[in-house]
Participant: 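One structure follows; several queries about it will come next.
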Amino acid sequence: MAECVTDLAQAAACRNSAAATHLKVISICTIFVTSVMGVSTPVMLARYFQGKSLYDIAILLIKCFAAGVILATSLVHVLPDAFAALSDCQVASQHPWKDFPFAGLVTLIGVLMALLVDTVASSHMEHGHYTPVETLEKEGGSSAWSIELAGGGGEVQRVEELMRLKQRLVSQVLEIGIIFHSVIIGVTMGMSQNVCTIRPLVVALSFHQIFEGLGLGGCIAQAGFSFGTTAYMCFMFSVTTPMGIILGMVLFSMTGYDDTNPKALIMEGLLGSVSSGILIYMALVDLIAVDFFHNKLMNSNVYLKKVSFIALTLGSASMSVLALWA
């Protein structure tokens, strides 16, 4: 309990509602601009390179960098914050939070939820777009089964269409996980009156949104959405954190609800754990594993595989360094 008293005393020395409100207004504008820059850059680059010989390579490298950013976001930013929220002395001293590592459990649930959604949606896509036509031929007492693609077309077109639909699913589920994370960041910042905490967060979160936007934008670019859908997904990412900050400010002004309240910490820890599990699954299974083990372009070019690994490492490193400030 001595640590709690010390922490509260230190927070009280930094509390300044007027200065905090001023910083939060600045952060809303700054974070929105940096979010737009981050998420739109890969999309614009993809459109610029489309139709050119380097298009596939450029998209692959952007996606590898994006996978590194998302993996680092989940493991270095979201998951530690979730553990910290649920292990706070005001929470960890209560039942049942002191009896079990709930942050790890809920992260596991997030991984399993992402797997379930991925499996069900993938199965639905396969059965929804392609109808098997069974033809039984009896020749010499033997049976031969042939599966024809409904509506015609070859095997190559079928695989390409499935991959495109799969990438769209990945982008949409990934955005859900990132939006969870962004809402938590925004609401927490909006409720906080601690100037000492908010001031470095404004700069750190601006860079955070740039790199996270690059990650999501890289996946959106490869998915091949229509212009309207792409613009909508980019817009939703860009406004989520600013809207979260506004929501946090409104909640605080109406209720005086403090972000250091045990209930707020529990909600932050649980939502953070779920989003961490989703992001971990998406980064490892649907991004890294797919490209490094099932991408024909990379498998046929050893040099490209090395460059892709460097891009993955740079993405991870750039997002991990931000953990020094946010």
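Sequential numbering from 1 along the given sequence is applied to the chain's residues. Atom set for the values below is all heavy atoms of this structure, side chains included, hydrogens, waters and symmetry mates excluded.
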Participant: List the atom of L60, the atom of S308, and the distance in Å for their closest heavy-atom pair.
Facilitator: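 The pair with the smallest heavy-atom distance is CD2-OG, 3.9 Å.
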Participant: Are V39 and S238 close enough that some pair of their side-chain heavy atoms sits under 4.5 Å apart?
Facilitator: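 A side-chain contact exists here, since the closest heavy-atom pair is under 4.5 Å.
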Participant: Kindly state each residue pair satisfying ring pair (Phe, Tyr, Trp, His ring centres under 6.0 Å) with at least one member in residues 82-112, sequence neighbours excluded.
Facilitator: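 Residue pairs with at least one partner in residues 82-112: W97-F102, F100-F102.
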Participant: Calculate, to the nearest 0.5 Å, the distance between atoms CD1 and CG belonging to I70 and L75 respectively.
Facilitator: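 Nearest 0.5 Å value for the CD1-CG distance: 12.0 Å.
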Participant: Cluster question for you: counting only ILVMFWY and a side-chain heavy-atom cut-off of under 4.5 Å, with indirect links fine, are F65 and I310 together?
Facilitator: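 F65 clusters together with I310.
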Participant: Of the non-hydrogen atoms in A67 and L287, which two are nearest, and what is the gap between them?
Facilitator: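 Closest heavy-atom pair between A67 and L287: CB-CB, 3.8 Å.
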Participant: Indicate every side-chain donor-acceptor pair of residues 311-320 with a distance under 3.5 Å to a residue at least two apart or in another chain.
Facilitator:
| unit_1 | atom_1 | unit_2 | atom_2 | d |
| --- | --- | --- | --- | --- |
| T313 | OG1 | F309 | O | 2.9 |
| S316 | OG | G68 | O | 3.3 |
| S316 | OG | L312 | O | 3.0 |
| S318 | OG | L314 | O | 3.0 |
| S318 | OG | G315 | O | 2.9 |
| S320 | OG | S316 | O | 2.7 |

Participant: What are the two closest heavy atoms between S182 and E212, and how far apart are they?
Facilitator: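 The answer is OG-OE1, 3.8 Å.
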Participant: OH/Y281 to OG/S74 distance, rounded to the nearest 0.5 angstrom?
Facilitator: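 Atom-to-atom, Y281:OH and S74:OG are 14.0 Å apart.
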Participant: Once you round to the nearest 0.5 Å, how far does CG of L112 lie from OG1 of T107?
Facilitator: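 Those atoms lie 11.0 Å apart.
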Participant: Any link between L115 and V285 through a network of hydrophobic side chains (Ile, Leu, Val, Met, Phe, Trp, Tyr) touching at under 4.5 Å?
Facilitator: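 Yes, it is one cluster - the side chains of L115 and V285 are joined through contacts under 4.5 Å.
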Participant: I'd like to check S276 versus I280 (side-chain heavy atoms, cut-off strictly below 4.5 Å). Are they in contact?
Facilitator: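 Yes - at least one pair of side-chain heavy atoms lies under 4.5 Å apart.
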Participant: Measure the spacing between CG of L86 and CG of L270 and express it to the nearest 0.5 Å.
Facilitator: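 The CG atom of L270 is 5.5 Å from CG of L86, to the nearest 0.5 Å.
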Participant: Any link between V239 and V250 through a network of hydrophobic side chains (Ile, Leu, Val, Met, Phe, Trp, Tyr) touching at under 4.5 Å?
Facilitator: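 Yes, same cluster.
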Participant: Going from CG on D291 to CE on M298, what distance comes out if it is rounded to the nearest 0.5 angstrom?
Facilitator: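 Output value for this atom pair is 5.0 Å.
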Participant: Is it true that V274 and L105 fall in one hydrophobic cluster, defined by side-chain heavy atoms closer than 4.5 Å?
Facilitator: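 They do share one cluster, since a chain of ILVMFWY contacts under 4.5 Å joins V274 to L105.
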Participant: Any sub-3.5 Å donor-acceptor pair from S35's side-chain atoms to Q209's backbone N or O?
Facilitator: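 No: the side chain of S35 does not pair with the backbone of Q209.
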Participant: I'd like to know if the side chain of T73 reaches the main chain of V69, judged simply by a donor and an acceptor atom lying under 3.5 Å from each other, with no hydrogens or angles considered.
Facilitator: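 Present.
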Participant: Determine whether T229 and R168 make a side-chain contact, defined as any pair of heavy atoms from C-beta on separated by less than 4.5 Å.
Facilitator: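 Heavy-atom side-chain distance check fails, nothing below 4.5 Å.
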Participant: What side-chain donor-acceptor pairs closer than 3.5 Å can you find for residues 20-33, not counting sequence neighbours?
Facilitator:
| unit_1 | atom_1 | unit_2 | atom_2 | d |
| --- | --- | --- | --- | --- |
| T21 | OG1 | S17 | O | 2.9 |
| K24 | NZ | G190 | O | 2.8 |
| K24 | NZ | S192 | O | 2.9 |
| S27 | OG | K24 | O | 2.6 |
| T30 | OG1 | I26 | O | 2.9 |

Participant: Side-chain heavy atoms nearer than 4.5 Å, only ILVMFWY residues, links allowed to pass through others: does that put L108 and L71 together?
Facilitator: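 In one cluster: no.
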Participant: Starting at CE of M243, measure out to CD1 of I179 and round the result to the nearest 0.5 Å.
Facilitator: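 M243 CE to I179 CD1: 12.0 Å, rounded to 0.5 Å.
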Participant: Identify the two heavy atoms, one from A82 and one from G272, that lie closest to each other, and give their separation to 0.1 Å.
Facilitator: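 Scanning both residues completely, I find the closest heavy atoms to be CB-C, 4.0 Å.
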Participant: What are the two closest non-hydrogen atoms of H77 and A323, and how far apart are they?
Facilitator: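 For H77 versus A323, the nearest heavy atoms are CE1-N, 3.6 Å.
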Participant: Check this for me: F207, atom CZ, are more than 12 non-hydrogen atoms of other residues, nucleotides or ligands nearer than 6.0 Å?
Facilitator: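 For F207, atom CZ is not crowded (no more than 12 foreign heavy atoms under 6.0 Å).
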Participant: Identify the two heavy atoms, one from F237 and one from E175, that lie closest to each other, and give their separation to 0.1 Å.
Facilitator: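 Here F237 and E175 meet closest at N-OE2, 3.5 Å.
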